[in-house]
Amino acid sequence: FNPLPPPRLPLTLSVKQNAFERDLRFKGAVNFRPVEETGYFRDETLSCDPKVRASQLVEAAVSVAKKRDPDQSLFIQTVTEVATSLGPLFAETDEYFFAFKHMLEPEQLYQFRVPWVDDSGRTRVQRGFRVQFSSALGPYKGGLRYHPSVGVDTIKFLGFEQIFKNALTTLNLGGGKGGSDFDPKGKSEAEIMRFCQSFMTALEPYIGPNRDVPAGDIGVGGREIGYLFGQYKRLNQGRFEGVLTGKSADWGGSYVRPEATGWGLVFFSEEAMKDLKGEKLKNKRCALSGSGNVAQFAAQQLLKLGAVPVTFSDSSGTIYEPDGFTVEKLDLLMEVKAVRGARLTDYAAKSPTSSYHAGARPWSVVDELDLAFPCATQNELEEQDAINLIKAGCIGVFEGANMPTTPGAVEILEAGGCVFGPAKAANAGGVAVSGLEMAQNAQMTQWTGDDVEKKLNAIMKDIYHQCADCAETYHDRTQIKEGANIAAFLKVAAALREQGAV
Ligand SMILES: NC(=O)C1=CN([C@@H]2O[C@H](COP(=O)(O)OP(=O)(O)OC[C@H]3O[C@@H](n4cnc5c(N)ncnc54)[C@H](O)[C@@H]3O)[C@@H](O)[C@H]2O)C=CC1
Ligand SMILES: O=C(O)CCC(=O)C(=O)O
């Protein structure tokens, strides 16, 4: 990545005149350097055809990640997705290509040992991670995940996504993510507290309110944030500051942070369905996966708008209410899930109108629906699921989880005329309200729930329009995924350029 301002040479390719022109800070940059200088095209020359050139450069960008980290399949998956959207920019000027290559390497990646004592008195050891991917737009920001599958690959994929998601919020947030291979399932409250305290003891040297501000993700909710915050204070002579978000609203948290990801997802889908299909959410049958924080609050907001959630899932199966979850049934589900370790079978036992489908995902259970909201985990909606959804009448898929839809499934959904709301745009409401929590902490103030909800709603609509407008400029308005990647990348790339080689 060349930190110096590019020489003002004319572009050999025409740059589309458009509303985003002001953001094309690299416009006028020297066109592709000779083969020897880029080092990526030793055996081939770049095509003059912009489309071929774009795909050559996408391949070259992805090969950077593949060569460095061939085993990181999730990270390579997300790098490929973002790079593919950026092809037209890479073909405009090599500065975009080099800026992207620069972004592929995290600023810091910490791995640490987390020893903790279980209830039988035995010492156990877990791995802890924090990736500080990019501080181009603000302090590193992103959640902590406790799940046995967590390793460097998972953390890097999530951290990379977070850079672009946070850019779309328009708040000053860099990108980071962390977590541990600790499995909270089956652990007592005391074990979880001791684990959180040990995790924070290892993490504390690297974080701070203006440096890196973690929050929750899978396996980390309000209770864990409380234990983590308590230990941070203990390690810092009682310093009470906004080093974590998702805190209780009684002691420094923001109203609406628990609800924000799910509610924001629904606000985003409402705007997209109105703009692209002229449809409202009222009476729409909605399949949701997952049954944690994001799924529960997405269902709550869907009910408020008159839509009909019909499923939830966990890693063991799917619960289906053919006539829909009512407010009372959702309350029951939330009550059941509030007990640590509860399974959906506990809900099924209490609701005679429901059916439980062991080992199945919602996408194969429901044969008639309008919208789908994958809110569990990555790669949980695959090609056959996408085919099922289209057959069942689905016209919109909005990602509450991070990267829940495989690339093949996205293609099928888009080809089938589905509106597709990608995670980095559709689920950005959580981190956006985290950004608002940081702002409230910095001012030692607390806004009302109504205020925060209004701000969240405005941010989600704005994110939708950034994506759709950018999609329209580069492709067509329905290509929200492309729009999200390009709009976010342009912001980060401009900041990198302006801050020099960092
Ligand atoms: N909590 C937040 O603010 C945000 C969360 N997300 C994403 O949303 C997704 C869900 O996170 P949360 O609801 O916060 O976590 P959570 O821990 O509250 O709930 C996770 C849910 O997913 C289910 N689950 C986990 N693995 C599964 C699998 N293999 N198959 C089916 N279900 C599975 C669990 O049973 C649980 O119901 C994750 O991808 C997370 O990264 C994204 C943005 C913000
Ligand atoms: O609120 C935050 O900082 C974390 C949100 C998050 O981890 C995510 O958006 O995936």
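All ligand and atom numbering here is 1-based and tracks the order in the structure. What you see below is based on every heavy atom in this structure, not just the backbone, and it leaves out hydrogens, waters and symmetry mates.
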Below 3.5 angstrom, do we get any N/O pair linking [X] and ligand 1?
| X | value |
| --- | --- |
| G219 | yes |
| K165 | no |
| N402 | yes |
| D217 | yes |
| T261 | yes |
| R257 | yes |

Can you pull out the closest protein heavy atom to [atom]? Residue, atom name and distance to 0.1 Å, please.
| atom | answer |
| --- | --- |
| atom 30 (N) of ligand 1 | S315 CA, 3.6 Å |
| atom 38 (C) of ligand 1 | A376 O, 3.4 Å |
| atom 18 (O) of ligand 1 | N293 N, 2.9 Å |
| atom 29 (N) of ligand 1 | T377 CG2, 3.6 Å |
| atom 12 (P) of ligand 1 | V294 CG2, 3.9 Å |

How far does [atom1] of [X] sit from [atom2] of [Y], to the nearest 0.5 angstrom?
| X | Y | atom1 | atom2 | answer |
| --- | --- | --- | --- | --- |
| I412 | N388 | CD1 | CG | 10.0 Å |
| R361 | S289 | CZ | OG | 9.0 Å |
| T78 | N485 | OG1 | CG | 7.5 Å |

Sub-4.0 Å heavy-atom approach of G221 to ligand 1: no
For ligand 2, which atoms, with element, lie under 4.0 Å from some heavy atom of [X]?
| X | answer |
| --- | --- |
| G143 | 4 (C), 6 (C), 7 (O) |
| K165 | 8 (C), 9 (O), 10 (O) |
| R257 | 1 (O), 2 (C), 5 (C) |

N402 contact mode with ligand 2 (heavy-atom cut-off under 4.0 Å):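 Near ligand 2, N402 shows its side chain, while the N, CA, C and O stay back.
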Given Y146, F182, W116, the one that forms ring-ring contact (aromatic ring centres under 6.0 Å, His included) with F199: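 Of Y146, F182, W116, ring-ring contact (aromatic ring centres under 6.0 Å, His included) with F199 is met by Y146 alone.
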Donor + acceptor pair across side chains of E107, S135 (<3.5 Å): yes
Test item: side-chain donor near acceptor, Q466 and K491, under 3.5 Å: yes
Close N or O approach (P214, ligand 2; < 3.5 Å): no
Distance-only N or O hit between ligand 2 and N427, under 3.5 Å: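 It does not: no N or O of N427 is found under 3.5 Å from an N or O of ligand 2.
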Less than 4.0 Å between a side-chain N and a carboxylate O, is that true for [Y] and [X]?
| X | Y | result |
| --- | --- | --- |
| E241 | K233 | no |
| D69 | K156 | yes |
| E81 | K424 | yes |

Pi-cation contact, W263 with K304 (under 6.0 Å, within 45°): yes
Distance under 6.0 Å and angle within 45° of ring axis: K337 vs F312: no
Close approach, [X] and ligand 2, non-hydrogen under 4.0 angstrom:
| X | answer |
| --- | --- |
| E161 | no |
| G216 | yes |
| K177 | yes |

Any non-hydrogen protein atom less than 4.0 Å away from atom 25 (C) of ligand 1: no
Heavy atom of protein closer than 4.0 angstrom to atom 34 (C) of ligand 1: no
Backbone of P362 reached by a side-chain donor or acceptor of S313 within 3.5 Å: no
Sidechain-backbone polar pair: K187 side chain, I192 backbone, donor-acceptor under 3.5 Å: no
Parallel, tilted or perpendicular, as decided by the 30° and 60° cut-offs, for the rings of F75 and F160: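 Because their plane-to-plane angle is over 60°, the rings of F160 and F75 count as perpendicular.
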Residue selection (non-hydrogen contact nearest atom 16 (P) of ligand 1) among P404, G400, G292, G142: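 Ranked by closest heavy atom to atom 16 (P) of ligand 1, first place is G292.
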